[in-house]
Each structure stands twice: as C-alpha cells, then as structure tokens.
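What follows is one structure encoded as structure tokens, with my remarks underneath.
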Amino acid sequence: MMSGAHGPVRGIVESIEDLSSTFRRITFSGQELQDLATDGPFYDQRIKLILPNTAGALPDIPDSEDWYQQWLALPDHERGIMRTYSIRDLVRQDDTTRLTVDFVLHFADNGSTGPAAAWAAEAEVGSELLLVAPRHGQPQSGIEFAPGDADEVVLLGDESAAPAIARIVEDLKATTAAPRVCAYIEVPESADRLTIDAPGDAKVTWLPRGAASAGEPLADALGWHVEPDASDESSDDLLWETPVFSASGEELTEAAAPQSGTYYWIAGESGVIKRLRRFLVREVGVDRAQVAFMGYWRHGVAMRGQLTGASNCYCTSQGEL
Ligand SMILES: Cc1cc2nc3c(=O)[nH]c(=O)nc-3n(C[C@H](O)[C@H](O)[C@H](O)COP(=O)(O)OP(=O)(O)OC[C@H]3O[C@@H](n4cnc5c(N)ncnc54)[C@H](O)[C@@H]3O)c2cc1C
C-alpha cells in the first residue's frame with residue numbers, strides 16, 4: 001500500500017520493551033510514518049491499529065477518501081482486525097518518525113486474550129501493522145481531553161488508560177498556565193507503576209489492584225466504594241460521555257466547555273466507569289460539562305473496532321473522518 005493523505009500507514013516494529021508483565025511498549029517506524037502529524041500536544045489522541053488478517057498479511061487498502069468503506073467491503077479473511085489505542089509518544093527525529101504504543105498484555109485466567117494483545121505479545125522487530133493516525137495538514141480530531149478553563153484536572157483510569165493519562169500529564173508539563181493535575185491509575189500490581197515525566201506539582205498515584213476487584217481502588221480514590229449494579233450489564237455498548245458527546249443519546253448540557261473548578265477525565269473498563277460516573281454526576285452532583293467518561297474496553301466483550309461511534313472512532317466524537 002502506498003502512503004497517502006487518507007488511509008492507514010504501515011508501521012514497522014523498531015523496538016520492543018517489556019515494562020512489566022502487564023505493559024509492553026512497542027515503537028513503530030517506517031517510511032510511511034513520515035506522513036503523520038508529529039506536533040503535539042497529543043493528550044488522549046486515539047489511533048486505530050489494523051492487525052494482519054488470518055493469512056498473516058496486512059489488508060490491501062487503497063489510498064483514497066473512501067478507504068474505510070473499501071476496507072470494510074473486504075472479505076473477512078482478508079480484512080484483518082481494527083482496535084483502538086493511544087499515542088504514548090510520537091516524535092520526529094533525524095528524519096525518522098517514531099510512534100510508541102503501550103500495549104496491555106491482558107490474558108484471562110484460562111489464557112484467552114484478544115487479537116491486539118496477542119499480536120503485541122508475539123510481535124518482533126520487523127513485524128508490521130497498519131496505523132490510522134492524524135496526518136500532516138488534517139484537521140485535529142480524536143482528542144477528548146478538553147479541560148477548558150478548569151484550574152484542576154483529575155484523571156482516573158485503569159491500565160488501558162495508563163498510556164493516555166501518562167501522555168496527558170507529560171503534555172501538560174509543557175503547557176503554559178496548565179491546570180493542576182492529579183492522576184489515579186489502577187494497575188494489576190505494584191510492578192506496573194510506570195515512569196511519567198510529570199510536572200513538579202502534579203500528583204500521580206498508582207493504585208495496584210492486587211486482590212481487590214476491578215475498579216475498587218479507583219472508587220476508593222474517589223472516596224466511594226463501587227457497588228455492583230446488574231442493570232448496567234445488558235448492553236455491549238461502551239460508555240462514552242464527554243461534555244460534547246453522549247453515546248447514550250442523553251441530552252447534552254448547554255455549557256459544553258468546562259468552567260473553572262475541577263475537570264474529571266475518567267477512562268477504563270466500561271462497567272467500572274459507569275459506576276464512577278453515577279457517583280460523580282448523580283450523587284456528588286458534578287456538572288456534566290466538567291466530566292468526560294470513556295469506556296476503553298468491556299469485560300467479556302471483544303471490541304468491534306469500527307470507525308463509527310465515539311469509542312471506536314479515531315476521528316471526532318461526532319464520527320467524522
Ligand atoms: C480511545 C481508546 C484508547 C485506548 N488506548 C489503549 C492503550 O494505549 N493501550 C491498551 O492496552 N489499550 C488501550 N485501549 C483499550 C483497547 O482498545 C482494548 O483493551 C481492546 O479491547 C484490546 O483489543 P484486543 O483485541 O486485545 O481484545 P478484544 O478482542 O477487544 O477483547 C477480547 C477479550 O479481552 C478482554 N479485554 C480487552 N481489553 C482488556 C484489558 N485491557 N484488560 C483485561 N481484559 C481485556 C475483553 O473483555 C474480551 O473478553 C484503548 C481503548 C480506547 C477506546
């Protein structure tokens with residue numbers, strides 16, 4: 001596939017670093033990455049990965065505006081699988097563009113995992129996949145982090161959101177008049193505390209889950225204990241509610257831009273995030289304009305990996321390319 005202004009670019013694994021038994025950092029380079037926009041800040045910029053198909057080959061996708069429709073029209077065995085990830089780093093140096101992704105190697109007790117985690121676990125230097133990420137000259141889209149005039153930012157997330165939180169915190173360090181930042185990151189174990197180059201006054205708290213149930217440490221960090229709620233288990237849809245977009249079709253507040261005060265950015269397993277949302281919005285009464293809640297994955301559900309709908313969308317929340 002030739003690089004162009006529309007479709008995915010081919011990423012070639014340049015290096016792999018096992019940060020812990022949970023996180024595997026993979027850096028991609030390759031000629032086609034030169035076309036990516038490397039000017040930050042990236043914050044929680046989402047990207048799409050298209051994994052090799054069942055024959056182990058990357059799908060042949062035309063470099064045209066309707067590349068996505070053409071990709072969807074490919075037979076299943078040729079198409080490969082699309083998943084959503086975050087930019088941990090994207091830099092251009094010495095004429096080479098490198099994009100780094102921190103993959104969670106999630107394996108259930110029975111050894112089952114998903115195609116993206118399996119791909120990351122087996123990747124070697126030279127392995128290839130396709131990346132859908134912002135190109136030079138394209139309008140910015142795919143960033144949800146929007147603190148507006150907030151003077152404090154509270155970030156909460158599980159391991160899937162750790163790369164986005166780390167990027168947000170590091171980007172805020174380089175921002176003048178940045179809000180105060182306070183981050184809580186729930187991870188499987190103590191060894192999963194990663195290095196974040198945080199501003200001096202930032203408070204970053206790693207919350208090893210250990211034997212606790214998923215979401216409990218995050219809920220505790222919010223001063224509240226998560227109660228299981230069976231009524232939320234019926235839908236496979238991810239929670240995605242930001243000041244400007246609601247996946248559930250809930251009416252949006254008129255004041256979409258966060259005001260002064262605290263802005264909450266919360267991402268992780270969808271059921272956990274729903275419960276944190278309920279606590280913050282319904283019980284504490286935090287204004288919806290001050291919060292962004294995003295389900296990054298759903299327990300027991302394989303992601304659909306499409307470009308429609310906010311969570312699976314590389315593009316804007318409204319679903320534009
Ligand atoms: C905007 C956005 C940014 C994201 N950024 C990152 C990122 O930078 N790094 C990252 O690792 N993930 C990230 N994720 C989450 C990632 O897209 C999902 O974890 C995705 O499901 C992984 O695909 P898969 O093919 O491995 O598993 P799937 O085929 O989607 O799922 C297979 C099974 O694995 C389970 N599963 C999926 N993810 C997890 C998990 N994290 N922990 C435990 N079980 C899981 C599912 O419940 C399902 O039962 C992001 C998601 C979004 C929406």
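Just so it is clear, the values below take in all heavy atoms, side chains as well, and ignore hydrogens, waters and symmetry mates. Note that the numbering runs from 1 along the sequence shown for the chain. For ligands, and for the atoms within them, numbers begin at 1 and follow the listed sequence.
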Would one find an N or O of [X], backbone or side chain, under 3.5 Å from an N or O of ligand 1?
X      : value
Thr84  : yes
Ala117 : yes
Gly300 : yes
Met303 : yes
Thr113 : no
Trp240 : no

Suppose I only count heavy atoms of [X] and a 4.0 Å limit; which atoms of ligand 1 are within that range?
X      : value
Arg83  : 23 (O), 24 (P), 25 (O), 28 (P), 29 (O), 30 (O)
Arg298 : 46 (C), 47 (O)
Ala116 : 23 (O), 24 (P), 25 (O), 26 (O)

Say whether, by atom type as modelled, one donor and one acceptor occur between the side chain of [X] and the main chain of [Y] under 3.5 angstrom.
X      : Y      : result
Asp66  : Gln69  : no
His136 : Gln34  : yes
Glu189 : Pro208 : no

Are Thr22 and Leu105 close enough, and set up right, to give a side chain to side chain contact (heavy atoms under 4.5 Å, CB included), and what steps lead you there? CA-CA 5 Å; Thr22 300; Leu105 302 179; over 6 Å; no
Between Ala302, Pro115, Gly157, which one has a non-hydrogen atom sitting closest to atom 31 (O) of ligand 1?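 Answer by nearest heavy atom: Ala302.
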May I ask you to decide if the ring planes of Tyr296 and Trp265 are parallel, tilted or perpendicular, using 30° and 60° as cut-offs?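 Aromatic pair Tyr296/Trp265 classed perpendicular.
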Distance flag, aromatic centroids of Phe103 and Phe23, threshold under 6.0 Å: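 No; Phe103 has its ring centre 6.0 Å or more from that of Phe23.
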Would you say the rings of Phe145 and Tyr263 are close, in the sense that their centroids are separated by under 6.0 Å?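 Yes, they do, as the ring centres are separated by less than 6.0 Å.
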Side chain or backbone of [X] under 4.0 Å from ligand 1, or both, or neither, by non-hydrogen atoms?
X      : value
Asp102 : backbone
His299 : backbone
Phe103 : backbone
Val301 : backbone

Note, Gln31 side chain near Leu33 side chain (heavy atom, < 4.5 Å):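 SC-SC contact between Gln31 and Leu33 ruled out.
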Can you tell me how far OG of Ser270 sits from CE of Met294, rounded to the nearest 0.5 angstrom?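 One finds 11.5 Å between CE of Met294 and OG of Ser270.
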